Amino acid sequence: MERYSQILNRLVQQHQAADRPVCHVKSRDEFAELVDVGLDSQNGSSLAEIEQALSQFLALNPDVSQLGFHKQLYSGVSMPAVLGDWVASLSNAVMHTFKVGPVANLMEMEVIRQLNQLVGFDNGEGLMVSGASQANLVSMMLARHSVCPEIKAEGYAGKQLVAYVSDQSHYSMRRAANVLGIGESNLIGVASDAEGRMCPLALECAIENSKRQGKIPFYIGLTAGTTVLGAYDPVSACLEVAERHDVWLHIDGAWGAPILFSDQHRHVLAGCERANSFTWDAHKLLNVPLTAGIILTRDKGLLKSATSGGGENYLFHATSDQLPELGELSLQSARRADCLKVWTAWKAAGMNGFRSKVDHLIDMRRQFVKLLKGHEAFEVIAPAEFLNVLFQYRPSCAMDEPAISDLNIRICAYLAETGEAFIDYASFGGQTGIRMILANQEVNQSYLDDLCRRIQEVGEMLLSEAAREKVPASLMKPEPPAGSRSLAAH
Ligand SMILES: *Cc1c(COP(=O)(O)O)cnc(C)c1O
């Protein structure tokens, strides 16, 4: 065992050494040349060879802990959570029955209890799932079960159920409609406003329209923190619609739910305690290692009645305390103790740690928006409440919208190739811009100043290169200079 802890030690030290690019831009073939991933040798390899491969793995993967990592809806990793995750693997605890994961079961229920309290589900229940996609799937299944419980056994028998999400909702909703047999075309993408929030009026129209067609409206999925803009659908107004039509209301808070930690900002979700179900993703803003999704429900009992069935003859024996086994509530049979990493992250940060993180990042986002708005070379595409900023670099020379979109995509590509910053682009309302995600607690004002300056520099450089070569901007191929990575270090 000692050899393993020494290897772990060396890998951790290597990983903490800051001086490397935030990402490597290479082709599949180029990566394959750097690391031998072949498994064709008949004999086992030495630990030294395995360590070598692991070390290369770490060196070549995007470094999500660097300040320059803005690509996904997470950044950085909570080390207390990593510690919990190691122990989860070491124990190989499983969540389906209390007996094979007793402490893990208690920890998961505590995590669920705390999250339910934040949402305001005083008598709720919940479960950890693979991620928000599965949480959304489960929420839709619960909604279906609450309106037509017979479908569980008998199938749809001609019934047409209809679900409503905004046109900015996550694609997992579409997957859920597919998997559950609702049908993708019975998932209505309700129009959102100029800031990416679902329009309650359009929602009500869509529901009435389905009713006129003899269909059964059964599910409204709001988004709390949309993936592109960070927008919050209006909870109270949509709840009124849901209650008027007696339709299940779910809130997908995969990205934006942690705003509930903030006394200052939680009002954007006011009324959420009246929703029927709620999705969290601890692997996003809470920096718990992937994956750690959570489904919460306002009322007890439905998870079991919608899900359970089978396994009684060998796995789910009668329990002395009459509580259901978590495996009876879950679509998964074997399930990791993902609760452990959430529990250790929470134990280490405390409520105050999460609160100050959210407050700090929202403050940084405000500063960043202010910076961009005060600068003639930038335009914020649609400012929303949460930690996304979708913006464009817009040069003073005349350029049409496709060329500007293209230039912004190239700025992202250039920053990735130099290893300075890994930022994605996204589109909203016909404009494509740089989607900045503020998820790393270490971000500060001077970092944001530098980033803006660099984006402008790179934009100007790409334009002048294109002008020199007299090629249209859309055909430019950026040539990254060697070794300029000022933003990568922290
Ligand atoms: C990330 C995200 C999801 C999907 O979450 P996974 O954990 O990747 O399955 C769903 N909805 C929203 C709003 C998200 O941001």
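Remember, predicted model here, so these are calculated numbers, not experimental data. All heavy atoms count here, side chains included; hydrogens, waters and symmetry mates do not. Just so you know, ligand 1 is whichever comes first in the structure, and atom 1 is the first atom listed for that ligand.
Nearest approach of S78 to A345, heavy atoms of both residues: OG-CB, 3.7 Å.
The side chain to side chain contact (heavy atoms under 4.5 Å, CB included) test with K341 is passed by exactly one of L83, V288, L286, L290: V288.
The nearest protein atom to atom 4 (C) of ligand 1, hydrogens excluded, is given as H170 CE1, 3.3 Å; this is a heavy-atom distance. Nearest to atom 9 (O) of ligand 1 among the protein's heavy atoms is S133 OG, 2.6 Å. In this structure, the protein non-hydrogen atom closest to atom 11 (N) of ligand 1 is D252 OD2, 2.6 Å. Counting protein heavy atoms only, atom 7 (O) of ligand 1 is closest to D281 OD2, 2.6 Å.
Counting heavy atoms closer than 4.0 Å to ligand 1, residue L73 contributes side-chain atoms (C-beta onward) but none from N, CA, C or O.
For A132, a nitrogen or oxygen atom sits less than 3.5 Å from a nitrogen or oxygen atom of ligand 1, counting backbone and side chain alike. Below 3.5 Å of separation, one finds an N or O of H283 facing an N or O of ligand 1.
Atoms of ligand 1 found under 4.0 Å from any heavy atom of G131 (numbered from 1 in listed order, with element): 7 (O), 9 (O). For ligand 1, the atoms closer than 4.0 angstrom to any heavy atom of T227 are 14 (C), 15 (O). The distance from ligand 1 to the heavy atoms of W255 drops below 4.0 Å at these ligand atoms: 15 (O).
For L331, the CG atom sits in a packed shell: over 12 heavy atoms of surrounding residues, nucleotides or ligands are nearer than 6.0 Å. With a 6.0 Å radius and a threshold of 12 heavy atoms from other residues, nucleotides or ligands, D246 has its CG atom at or below the threshold.
At least one heavy atom of S172 sits less than 4.0 Å from an atom of ligand 1.
Side-chain rings of W255 and F386 approach one another, their centers coming within less than 6.0 Å. Residues H70 and Y447 place their aromatic rings such that the two centres sit under 6.0 Å apart.
Using a 4.0 Å cut-off between charged nitrogen and carboxylate oxygen, K304 and E125 do not count as a salt-bridge pair.
With a 6.0 Å cutoff to the six-membered ring centre and a 45° limit on the axis angle, K71 counts as a cation-pi contact of F422.
The residue among K284, M173, Q134, Q168 with a heavy atom at the shortest distance from atom 3 (C) of ligand 1 is K284.
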